[in-house]
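Below is one structure, written out as structure tokens, with a few remarks after it.
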Amino acid sequence: MSSSKSVTFVSFIFLSFFLLIWLNKPVNSYFSQDDFFHLRIIMDKGVADIPSFFVSRLEGQTFYRPISREIYNLIMYKLYGLNPLPFHIVNLILILVNLKLLFLFVKLLSQNQVAPYLTAVAYLFSSVHSIELYYLSSIQTLLMTAFALLSCIYFVKFIKTKILNYYLGSILLFLMALFCHESALILPGIMFLIIVVVKGLSLKKKIIFIFPTFILMALYYLSLGQATNLPSQQVYQPILQPKVILNSLSWYILWSFGIPEMLVDFVKPGLVLKKEFYLWYGYYAKTVFPLLLILITGFLFVTWRLKKPLLSRNFIFFITCFLISISPFLFFPQHKFVYYLGFPIVWFSAILGLILSELWIAGKIHKGAVVLFLLTFLIISNQTTVLNSKTYWAAKRAKSAEVLVRQFKKDHPTIKKGSVFYVTDDPNYPVISKEWGTSSKQAFYILSGSDALQLLYKDSSIKVYFEALGDLPKSLNYNSLISFTAKFPY
């Protein structure tokens, strides 16, 4: 093994252990909510059904994501069943793969040899990864990010080398990214930026070769109607007001710096935090808010002081890529989540890496400032990761789902095919709010209706009713009804 490969291998092992230790709790969490739904719809499918996933969507699926959802879940479920650990490990491996791909991409573009390494460190430290591990359905954006980065790398190599196979590979990888998540529709925009910043082919040839990607984008959009077939719920309806878009962008930027997703629920008009946040999470506010202020102030100050070297094509390129990659999510203010940062966080890390690399080469004292900046970023991310383990909805619901599933299996190790369950309320469950509801209502969301029990007993004919959602059908045979009280660990 060559010395460079040895260094890469050792670095990969080190980073794996770093993430495993830091993100230990997310890796150990169970399935919940959407995870059960995605597994249930492929539960009775086989390998022979894979071609059909590319032709039509399965019942209940709104978006077209055959690779990252149907094919992936089919393979994983057939191999591991309801063991969540392999699913978490795949997500963890993809985070590391994307780390490596980001390093290679920045290395291809940047003349600064330090920039790829500092970009990789910024990406590694991001608290976004804890969300990507808690919420197993993040596999969709993780896989899309991997294919999109590979497509960009191949496109850059094609422009530099003029080797046609790189171009064909780039187009194929773009399609693979589209089959993972519809947000890959923005990739031709990033490719257009690449032809501006990367030297090689003539501008005329660059435009000729990028034209097919826009054709594919248009065909994909028109044939599948990804935007016109949005769910009917209010939270999925786009709002095009500039004020709303800027508000969403601000939150995504703050989340990229490391603050928790749940903070959005504690902000009142006028950017004032509710007193409940300080009451419940005062320890976090005292530690993180001062550090966050220092971090963002330092970021803006360094950007201003280094404005000449930073006003380069690469810097503008990375900022524009971030804005393009986050743009599909800015129009849905009631449906904004940290896991949508899977691809945008790549470019945010590149922005940080480029700024810090310019500061690094400025002098010895500046190197210390870079270390302090990264240390501050790490502390913020670590504190947010710890907070996520206690407050993030996927983390809490995964813990509850595991308790419920184990209790179901303990109380009813075997059941008749087509059994009917009735989930009742726990009278000792605390009243949180009217919208939150009772324990059976929470069980409905946590178990994704009947999906979890159909998976648990491998029976798609099982029916589950929940006390909070209405009366039982009069036609039911009450003698065969299996009652279960929803009790949670919190």
Side-chain angles (χ1 to χ4, degrees), residues 19 23 26-27 29 31-35 37-39 61-73 76 87-102 105 123-124 126-152 173-190 217 220 224 226-227 230-231 236 248-249 251-253 255-256 261 321-332 335-350 388 392-395:
L19 280 178
L23 302 174
V27 171
S29 66
F31 302 99
S32 71
Q33 205 163 314
D34 291 352
D35 304 329
F37 171 67
H38 293 144
L39 291 173
Q61 296 288 30
T62 301
F63 298 105
Y64 179 75
R65 302 167 185 172
I67 291 179
S68 64
R69 193 174 53 200
E70 284 78 37
I71 294 176
Y72 171 78
N73 284 312
M76 294 295 286
F87 290 80
H88 286 293
I89 290 175
V90 171
N91 280 25
L92 178 64
I93 290 172
L94 274 173
I95 291 169
L96 293 171
V97 167
N98 291 337
L99 174 75
K100 176 65 174 178
L101 293 175
L102 174 59
F105 183 77
Y123 180 78
L124 180 68
S126 176
S127 61
V128 170
H129 305 317
S130 67
I131 301 300
E132 291 172 330
L133 290 174
Y134 275 126
Y135 186 53
L136 286 173
S137 295
S138 293
I139 185 67
Q140 297 165 28
T141 49
L142 284 170
L143 271 174
M144 187 280 286
T145 298
F147 287 126
L149 279 172
L150 271 170
S151 180
C152 290
L173 289 162
F174 168 48
L175 287 173
M176 299 284 276
L178 281 175
F179 292 154
C180 290
H181 201 276
E182 61 283 352
S183 61
L185 277 168
I186 53 87
L187 204 53
I190 291 176
M217 178 183 74
Y220 175 88
L224 295 172
Q226 292 284 55
L230 290 172
Y236 291 102
S248 295
L249 177 61
W251 277 111
Y252 280 113
I253 291 174
W255 289 337
S256 297
E261 179 181 292
C321 284
F322 175 78
L323 294 174
I324 290 175
S325 61
I326 202 65
S327 61
F329 312 112
L330 297 181
F331 309 102
F332 305 93
H335 196 73
K336 51 179 181 280
F337 298 102
V338 166
Y339 59 78
Y340 286 141
L341 282 168
F343 193 41
I345 202 65
V346 162
W347 309 112
F348 184 83
S349 301
N388 285 340
Y392 187 59
W393 62 268

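Keep in mind that the numbers below use all heavy atoms, side chains included, and drop hydrogens, waters and symmetry copies. Along the sequence shown, residues carry numbers from 1.
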- Would you check, one step at a time, whether the test side-chain hydrogen bond (donor to acceptor under 3.5 Å, both in side chains) holds for Asp34 with Ser137? CA-CA 7 Å; Asp34 291 352; Ser137 295; 5.1 Å; no
- Task: Look at the aromatic rings of Phe322 and Phe348 and report parallel, tilted or perpendicular, splitting at 30° and 60°.
- Result: tilted
- Query: Do the two ring centres, one from Trp347 and one from Phe105, sit under 6.0 Å apart?
  - Reply: yes
- Task: List the steps and the verdict of side-chain contact (heavy atoms from CB on, under 4.5 Å) for Leu102 and Thr145.
- Result: CA-CA 10 Å; Leu102 174 59; Thr145 298; over 6 Å; no
- Query: Is a donor on one side and an acceptor on the other found under 3.5 Å between the side chain of Tyr72 and the backbone of Ile139?
  - Reply: no
- Query: Can you list the steps and then say if Tyr252 with Leu341 is a side-chain contact (heavy atoms from CB on, under 4.5 Å)?
  - Reply: CA-CA 7 Å; Tyr252 280 113; Leu341 282 168; 3.9 Å; yes
- Looking at CZ of Phe343 and CD1 of Ile326, how far apart are the two atoms once the value is rounded to the nearest 0.5 Å? 11.0 Å
- Run the numbers on Tyr220 and Glu182 for side-chain contact (heavy atoms from CB on, under 4.5 Å), then give the verdict. CA-CA 9 Å; Tyr220 175 88; Glu182 61 283 352; 3.7 Å; yes
- Query: Who passes side-chain hydrogen bond (donor to acceptor under 3.5 Å, both in side chains) against Asn98, sequence neighbours left out?
  - Reply: none
- Note on the structure: Distance col, row Leu96:CG vs Leu92:CG, nearest 0.5 angstrom, shows 5.0 Å
- Please identify each residue that fulfils side-chain hydrogen bond (donor to acceptor under 3.5 Å, both in side chains) with Glu261, with sequence neighbours left out. none
- Value for CZ (Phe174) from SG (Cys152), rounded to nearest 0.5 Å, stands at 10.0 Å
- Item | From Ile190 atom CD1 to Cys321 atom SG, the distance as rounded to the nearest 0.5 Å | 4.5 Å
- Item | Atom pair OG (Ser248) and CZ (Phe332), whose distance is rounded to the nearest 0.5 Å | 10.0 Å
- Any donor-acceptor N/O pair, His129 side chain to Tyr123 backbone, under 3.5 Å: yes
- Item | Cationic N near anionic O, under 4.0 Å, Glu70 to Arg65 | no
- Query: Do side-chain atoms of Ser349 reach the backbone of Ile345 as a donor and acceptor pair under 3.5 angstrom?
  - Reply: yes
- Parallel, tilted or perpendicular: which fits the ring planes of Tyr339 and Trp393, with parallel below 30° and perpendicular above 60°? perpendicular
- What distance separates Ile131 CD1 from Asn91 CG, expressed to the nearest 0.5 Å? 12.5 Å
- Task: Using distance alone, with no hydrogens and no angle criterion, decide if His88 and Ser29 have a side-chain donor and acceptor under 3.5 Å apart.
- Result: yes
- Item | Pair Phe31 and Phe87, ring centroids less than 6.0 Å apart | yes
